[in-house]
Novice: 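Could you have a look at this structure, given as structure tokens, before my questions?
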Amino acid sequence: MSSYEKIYAVVRKIPYGKVATYGQVAELSGLAGKARVVGYALFRVDLGITDVPWHRVVNYKGEISYSPLRNGADKTQRVLLEEEGIEFNDKGKINLHKYLWRGI
DNA sequence: AGACTGACGGTCT
DNA sequence: GAGACCGCCAGTC
């Protein structure tokens, strides 16, 4: 099982209506402190994999990571989260204190 | 084998 | 609070 598969397995555990940070996912995947690896793994996810709720993973500030490389997938992420009842403030941030997954 | 990449996190100014 | 900077390392070519 590759590290990426571990990451996907963890992401699949994130419950509906909650979000997790890259750091959390990294830690639960045995990659503590290596959040970048998680980011790269998720970059590959939306290239084709659809059974992983990648949109529930945000950075430690509770903000979606916008990148031109995602070609619009970042906007999709916000929409998907809003559909799950997660609210964004006027700065485009999620209230982590309220929506952060405490599954550890 | 070596170089490059990447959706981050934490610390410092 | 916002920006700049550095360190992390697995996977791909």
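By convention in this document, chain letters (A, B, ...) are assigned in the order of the sequence lines, proteins followed by strands, and residues within each chain are numbered from 1.
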Novice: Could you check how far CZ of F43(A) sits from P of dC4(B), rounded to whole Å?
Specialist: 18 Å
Novice: Using only atom types and a distance under 3.5 Å, with no angle test, would you say the side chain of Y99(A) pairs donor to acceptor with the backbone of G85(A)?
Specialist: yes
Novice: With hydrophobic residues grouped by side-chain heavy-atom distances under 4.5 Å, do I7(A) and W54(A) end up in a single group?
Specialist: yes
Novice: Applying a 4.0 Å non-hydrogen cut-off, can you work out what I64(A) is touching in the nucleic acid: base, sugar-phosphate, or nothing?
Specialist: nothing
Novice: Which parts of nucleotides 6-13 of chain C does protein reach within less than 4.0 Å, heavy atoms only, written one letter per nucleotide 5' to 3' as B for base, S for sugar-phosphate only and - for none?
Specialist: -BBBSSS-
Novice: Atom CG of residue position N89(A) - does it have more than 12 heavy atoms of other residues, nucleotides or ligands inside 6.0 Å?
Specialist: yes
Novice: Mind calculating the distance between CD (Q24(A)) and P (dG10(B)) to the nearest angstrom?
Specialist: 11 Å
Novice: Report yes or no: do L28(A) and L100(A) belong to one cluster of Ile/Leu/Val/Met/Phe/Trp/Tyr joined by side chain heavy-atom distances under 4.5 Å?
Specialist: no
Novice: Nearest whole Å is fine: how far is dG3(C) P from E63(A) CD?
Specialist: 11 Å
Novice: Is there a path of hydrophobic side-chain contacts, each under 4.5 Å between heavy atoms of I, L, V, M, F, W or Y residues, that connects Y8(A) with L31(A)?
Specialist: yes
Novice: Can you give me the dot-bracket string for DNA chain B, 5' to 3', counting Watson-Crick and G-U wobble pairs with both distances under 3.5 Å, using [ ] for crossing pairs and | for partners on another strand?
Specialist: .|||||.||||||
Novice: Start with the C-alpha distance between K18(A) and E84(A), add both sets of side-chain angles, then the distance that settles salt bridge (charged side-chain N to carboxylate O under 4.0 Å, His left out), and finish with yes or no.
Specialist: CA-CA 8 Å; K18(A) 292 287 183 181; E84(A) 295 194 359; over 6 Å; no
Novice: Which of parallel (below 30°), tilted (30 to 60°) and perpendicular (above 60°) describes F43(A) and Y40(A)?
Specialist: parallel
Novice: Is it possible for you to check whether R78(A) lies under 6.0 Å from the centre of the six-membered ring of F88(A), through NZ or CZ, and within 45° of that ring's axis?
Specialist: yes
Novice: Check the distance between dC8(B)'s P and Y66(A)'s OH and give it to me in whole angstrom.
Specialist: 13 Å
